[in-house]
Chemist: 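Sharing a structure with you now.
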Protein chains: 2
Amino acid sequence: MKHTACKISEAEWQVMKVLWEKSPLTATQIIGCLKPETQWNPKTIHTLIARLVKKEALAVNKDRNLFQYYPLVSKEECMREETKSFLHKVYDGSIHLLVANFVKNESLSPQEIDRLRKLLDEKIN
Amino acid sequence: MKHTACKISEAEWQVMKVLWEKSPLTATQIIGCLKPETQWNPKTIHTLIARLVKKEALAVNKDRNLFQYYPLVSKEECMREETKSFLHKVYDGSIHLLVANFVKNESLSPQEIDRLRKLLDEKIN
DNA sequence: TACTTTGGACTACATCTGTAGGAAGGAGCC
DNA sequence: GGCTCCTTCCTACAGATGTAGTCCAAAGTA
């Protein structure tokens with residue numbers, strides 16, 4: 001698994017998500033998975049796939065005329081990268097600020113708060 | 001304060017941050033503030049300011065030849081917008097997943113974890 | 001075997017972003 | 001008052017992104 005800090009765009013993320021969920025898949029299968037959620041033209045999805053291959057976020061298995069795509073970068077890795085740059089950009093790198101903002105804005109349900117506390121509690125112990 | 005869902009780019013955020021910190025400021029002052037942190041050419045900063053004005057994220061006070069810029073959108077508003085779209089893109093909208101990932105990856109110091117717990121505790125009570 | 005169909009490769013194009021140069025007008029210096 | 005300089009406005013330009021069309025070869029079909 002490569003440790004590329006490749007920038008994956010908004011639209012490309014959706015393609016990656018499909019393949020992180022299940023791979024390898026053919027372009028047609030990917031298009032099938034994305035059809036319900038997006039209104040993208042199949043051509044658009046082909047373009048996104050091609051760009052991801054070029055970025056080395058995806059690779060392709062060419063077996064005769066069967067092209068199957070699979071991720072070269074892990075979801076966790078990408079999430080970490082994205083989170084880091086997002087936190088840096090918006091919250092000066094402080095996850096505390098982010099959560100604080102969430103809490104302040106009432107964007108968290110009591111259940112969510114409780115679940116988060118449990119999560120942190122587990123970590124402590 | 002307008003409720004625009006204007007997309008503020010990475011570089012533009014830095015300009016906004018300066019003005020959220022203190023405003024109004026002249027372009028020269030903004031450039032002065034950004035000089036230490038960035039290696040940007042003053043021209044570049046002028047461009048960013050102009051774009052933000054066009055996006056209606058900033059406004060300008062023209063007093064003769066004194067141009068002073070100030071934010072039209074609140075920092076909180078922008079943070080919320082950014083956070084929402086980021087969470088949606090990467091974590092399917094779940095802040096729980098984000099924090100969980102942080103916790104799992106040891107990206108949080110025990111102090112941070114403790115602070116977060118306190119934050120949540122306050123909210124509960 | 002010639003025709004159609006299907007999917008990948010390449011091309012297109014507007015917009016956004018990062019990065020900056022050039023023109024033009026007012027303010028200060030000589 | 002003219003020249004210079006600072007600052008704003010307009011222009012530039014390459015790379016990324018969203019969105020999609022065209023071309024071509026391989027595979028199936030008649």
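Protein chains get the first letters and strands the later ones, always in sequence-line order, with residue 1 at the start of each. On a predicted model such as this, the values are computed, not experimentally measured, just so you know.
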Chemist: Classify the nucleic acid contact of A:Lys54 as base, sugar-phosphate or nothing, counting any heavy atom under 4.0 Å across all strands shown.
Modeler: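 Here A:Lys54 touches no strand at all.
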Chemist: Contacts to DNA chain D from residues 22-40 of chain A, heavy-atom cutoff under 4.0 Å, which residues?
Modeler: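 Hits under 4.0 Å, by residue number: A:Trp40.
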Chemist: Of B:Thr47 and A:Ala50, whose closest DNA chain C nucleotide lies nearer the 5' terminus?
Modeler: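 Checking each residue's closest nucleotide, the 5'-ward one belongs to A:Ala50.
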Chemist: Could you state the NZ-C1' distance from A:Lys7 to D:dG18, rounded to the nearest angstrom?
Modeler: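 Interatomic distance, NZ of A:Lys7 to C1' of D:dG18: 16 Å.
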Chemist: With respect to the phosphate group of D:dC9, does any side-chain polar atom (N or O) of B:Lys62 fall under 4.0 Å of OP1 or OP2?
Modeler: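 Result: yes.
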Chemist: Rounded to whole Å, please give me the gap between CG in B:Asn61 and P in D:dT8.
Modeler: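 The answer, rounded to whole Å, is 13 Å.
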Chemist: Side-chain N or O of A:Thr44 versus OP1/OP2 of D:dA20: is the shortest distance under 4.0 Å?
Modeler: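 The answer is yes; a side-chain N or O of A:Thr44 sits under 4.0 Å from OP1 or OP2.
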Chemist: Provide, to the nearest angstrom, the distance between the CD1 atom belonging to A:Ile8 and the P atom belonging to D:dA16.
Modeler: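 The answer, rounded to whole Å, is 14 Å.
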Chemist: So A:Tyr69 and A:Leu52, do their side chains get closer than 4.5 Å, heavy atoms only?
Modeler: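 The answer is no; the side chains never approach within 4.5 Å.
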Chemist: Please indicate whether B:Glu37 has more than 12 foreign heavy atoms, meaning atoms of other residues, nucleotides or ligands, lying under 6.0 Å from its CD.
Modeler: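 Enclosed.
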Chemist: Which of these nucleotides, D:dC9, D:dG18, D:dC23, is closest to any side-chain atom of B:Lys43?
Modeler: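 The answer is D:dC9, which lies nearest to the side chain.
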Chemist: I need the CZ-C1' distance between A:Phe67 and D:dC24, as an integer number of Å.
Modeler: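 From A:Phe67 CZ to D:dC24 C1': 13 Å.
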Chemist: Tell me, please, the opening and closing nucleotides of DNA chain C, 5' to 3', among those with an atom under 4.0 angstrom from a non-hydrogen atom of chain B.
Modeler: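 Taking any atom under 4.0 Å from a heavy atom of chain B, the span is C:dT17 to C:dA27.
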Chemist: Taking the side chain as every heavy atom from C-beta outward, state whether A:Val73 and A:Glu56 have any pair of such atoms under 4.5 Å apart.
Modeler: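 No; the side chains remain at least 4.5 Å from each other.
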Chemist: Distance check needed: D:dT17 C1' versus A:Leu52 CG, whole Å only.
Modeler: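 About 12 Å, once rounded to whole Å.
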Chemist: Closest-nucleotide mapping onto DNA chain D: is A:Ala11 or B:Tyr69 further toward the 5' terminus? I mean the 5' end.
Modeler: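 The residue closer to the strand's 5' end, by nearest nucleotide, is B:Tyr69.
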Chemist: Side chains of residues 82-93 of chain A: which donor-acceptor pairs under 3.5 Å do they make with residues two or more places apart or in other chains?
Modeler:
{"unit_1": "A:Glu82", "atom_1": "OE1", "unit_2": "B:Lys89", "atom_2": "NZ", "d": "3.3"}
{"unit_1": "A:Glu82", "atom_1": "OE2", "unit_2": "A:Trp13", "atom_2": "NE1", "d": "3.3"}
{"unit_1": "A:Thr83", "atom_1": "OG1", "unit_2": "A:Met79", "atom_2": "O", "d": "2.6"}
{"unit_1": "A:Thr83", "atom_1": "OG1", "unit_2": "B:Tyr91", "atom_2": "OH", "d": "2.7"}
{"unit_1": "A:Ser85", "atom_1": "OG", "unit_2": "A:Glu82", "atom_2": "O", "d": "3.4"}
{"unit_1": "A:Lys89", "atom_1": "NZ", "unit_2": "B:Glu82", "atom_2": "OE1", "d": "3.3"}
{"unit_1": "A:Tyr91", "atom_1": "OH", "unit_2": "B:Thr83", "atom_2": "OG1", "d": "2.7"}
{"unit_1": "A:Asp92", "atom_1": "OD1", "unit_2": "B:Lys17", "atom_2": "NZ", "d": "2.9"}

Chemist: Looking at every heavy atom in both A:Pro24 and A:Gln29, which two are closest together, and how far apart are they?
Modeler: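 Scanning both residues completely, I find the closest heavy atoms to be O-OE1, 4.3 Å.
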Chemist: Using a strict threshold of under 4.0 Å (side-chain N to carboxylate O), is an ion pair present between A:Arg117 and A:Asp114?
Modeler: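 Salt bridge between A:Asp114 and A:Arg117, a charged N being under 4.0 Å from a carboxylate O: yes.
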Chemist: Compare every heavy atom of B:Lys35 with every heavy atom of B:Pro42, then report the nearest pair and how far apart it is.
Modeler: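 That closest heavy-atom pairing would be CD-NZ, 3.8 Å.
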Chemist: Can you tell me the distance, in whole Å, between the NZ atom of A:Lys55 and the C1' atom of D:dG15?
Modeler: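 After rounding, the gap between these two atoms is 11 Å.
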Chemist: Which atom pair, heavy atoms only, marks the closest approach of B:Pro71 to B:Leu19?
Modeler: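 Shortest heavy-atom contact: CG-O, 3.6 Å.
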Chemist: Using whole Å, what does the distance between atom P of nucleotide D:dG18 and atom NE2 of A:His46 come to?
Modeler: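 Spelled out: NE2 on A:His46 to P on D:dG18 is 18 Å.
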Chemist: Rounding to a whole Å, what distance do you find between B:Asn41:CG and D:dT7:C1'?
Modeler: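 Answer to the nearest Å: 13 Å.
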Chemist: Considering only heavy atoms from C-beta outward, does the side chain of A:Glu112 approach that of B:His96 to under 4.5 Å?
Modeler: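 Result yes, sub-4.5 Å side-chain heavy-atom pair found.
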